[in-house]
Amino acid sequence: MRKLRSNEVFKPGSFPKYTYVSRKSSGFGFTYETRLKQALNTPGYLTSIIGPSKTGKTVLCEKVIEPQNMVSLTGSDFKNAKDFWEVVANKVGLPLEGEYSETTVLKGTDNNPEDKSISTREKYGSNKDKVIEFFKENNLVLVLDDFHYAPEEVQLDIAYQLKDAIRREFKAVVISLPHRADDAIRKNPDLSGRLNLINIEPWQEDELKEIAITGFEQLGIKISDELASKMALESLTSPQLMQSICLNLSLILNIDEDESIKEINDEKKLEESYRFTTINLPYQEVVKKLMAGPSTRGQERKKYQLKNGEKADIYHILLKAIAQNPPVVSLSVDEMKERINQLLIINSKEKIEKNKIRDSLQKLHDIMFSSEPIYQVFEWKDNQIFILDPLFLFFFKMGYLLIVKGDLYVNDSKRAGYSYKRNK
């Protein structure tokens, strides 16, 4: 039997055939796979899946729904769309418009023995009814990923379109982030009583460890429990990030070519894999832009004295606070203030009030969401920060060299060996 290669086992960006981990939702005792199967087999219901970014929502759908039956679209596909059903029809290859022709042959008569043919042509366009019937006949399921990327008015229109479609047993799954999922779908009164709700919880340490332990076993290698635990902590509850760290550790150790490796317990190599994982992450310019903050129009921004001897402005401090341990996917303004206080030498001059934190976070939010999507790494909403991309937080925490205003800046947070209580 051919030996598996590391990139066949650890797959950060596609379905992980050899390292898929089935999880149970707390309080129910059923696996997410069982819950999704139940939802899809309930006629007349729309399925809503929400959970933090990069926690396996799409992979769950790929596990449960046969590839030939899954039709995937994202909220971004509808940004400039005028008609929801046109986009769906185009995805499955139904002609958006066409021409139907029919030829009728008239037999000749005794007076005129020659046959005559009459052709008729009629134009048609795909419509909602045709798309729904096509999906039902072919047992297709629409999976609408990253629903939050669609403009708000488009989200409301899609919810309206799906309301009638699910009543006619059209199968659809809508995937979104926790803080963006409520308005158009879960708080829509028209869909009340017609929703199957699946909330994906953050991954626990033991679940993430299973990716590493199972994956390296597939490669004929044992990884120490201690190293697997450290990898799980650094993965920030993201299985995708765990897959990346495992793959990069494999590449650094050259395990595909070096058959003498039977066990992994080298912490220095693990540290190297963390840095290696950040190399191709596209966040250097993102950090630079966020640290720069809004234009000062020639005025010098106030700097505060930090406990590590550094002086930094409010935007530098906000990002450092977000990167503090423990890593979490959301922070309230009170939690932000507490983290900032841990960074500052507190006195009457150095104190930063909540209003200053709120105003500065709002300005960062405005910068991000007036820029390209790559810059939209966290969101400030309802006095809460929501981390939209754990890979950004990982990049920042690993102390990767960042170019800020022409100088090299190194994040001084400890990269390994720390412990913390998981944020509940």
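Hydrogens, waters and symmetry mates play no part in the numbers below; they use all other heavy atoms, side chains included.
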- Item | Aromatic ring proximity, centroids under 6.0 angstrom, Phe135 and Trp85 |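 They do not qualify: ring centres at least 6.0 Å apart.
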- Can you check whether Phe386 and Phe378 have ring centres sitting under 6.0 Å from each other?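 No, the ring centres sit 6.0 Å or more apart.
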Neighbour count >12 (heavy atoms, 6.0 Å) for atom [atom1], [X]:
| X | atom1 | value |
| --- | --- | --- |
| Glu263 | CD | yes |
| Asn280 | CG | no |
| Lys24 | NZ | no |

If we ignore angles and hydrogens, is there a donor and acceptor under 3.5 Å between the side chains of [X] and [Y]?
| X | Y | value |
| --- | --- | --- |
| Asn248 | Ser273 | no |
| Thr31 | Arg23 | no |
| Glu201 | Ser26 | yes |
| Asp77 | Tyr149 | no |
| Ser235 | Ser238 | no |
| Gln218 | Thr19 | no |
| Asp145 | Thr58 | yes |
| Asp366 | Gln362 | yes |

Quick one: does [X]'s side chain get under 4.5 Å of [Y]'s, heavy atoms only?
| X | Y | result |
| --- | --- | --- |
| Asp359 | Lys356 | no |
| Tyr315 | Leu361 | no |
| Ser250 | Phe10 | yes |
| Lys3 | Glu259 | yes |

- Criterion salt bridge (Lys or Arg N to Asp or Glu O under 4.0 Å) against Asp334, the qualifying member of Arg358, Lys354, Arg339: Lys354
- Item | Lys222 side, atom NZ; Asn265 side, atom CG - distance, nearest 0.5 Å |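 Atom-to-atom, Lys222:NZ and Asn265:CG are 10.0 Å apart.
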- If you measure from CG on Leu162 to CZ on Arg194, what distance do you get to the nearest 0.5 Å? 12.0 Å
- Can a salt bridge be assigned to the pair Arg168 and Asp164 using a cut-off of 4.0 Å between side-chain N and carboxylate O?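 Between Asp164 and Arg168 there is a salt bridge, with a charged N closer than 4.0 Å to a carboxylate O.
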- Lys/Arg N to Asp/Glu carboxylate O, Glu335 vs Lys337, below 4.0 Å: no
- Go through the steps for Glu267 and Lys230 under the test salt bridge (Lys or Arg N to Asp or Glu O under 4.0 Å), then give the verdict. CA-CA 9 Å; Glu267 192 168 321; Lys230 288 182 177 180; 2.6 Å; yes
- Applying the side chain to side chain contact (heavy atoms under 4.5 Å, CB included) test to His316, which of Glu310, Lys311, Lys303 qualifies?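 Exactly one candidate clears the test, Glu310.
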- Closest non-hydrogen atoms of Thr237 and Trp203, given as atom of the first, atom of the second and distance, are O-CB, 3.6 Å
- Shortest non-hydrogen contact from Asp389 to Ser53? CA-OG, 4.4 Å
- Item | Over-ring placement of Lys63 relative to Tyr20, 6.0 Å and 45° cut-offs | yes
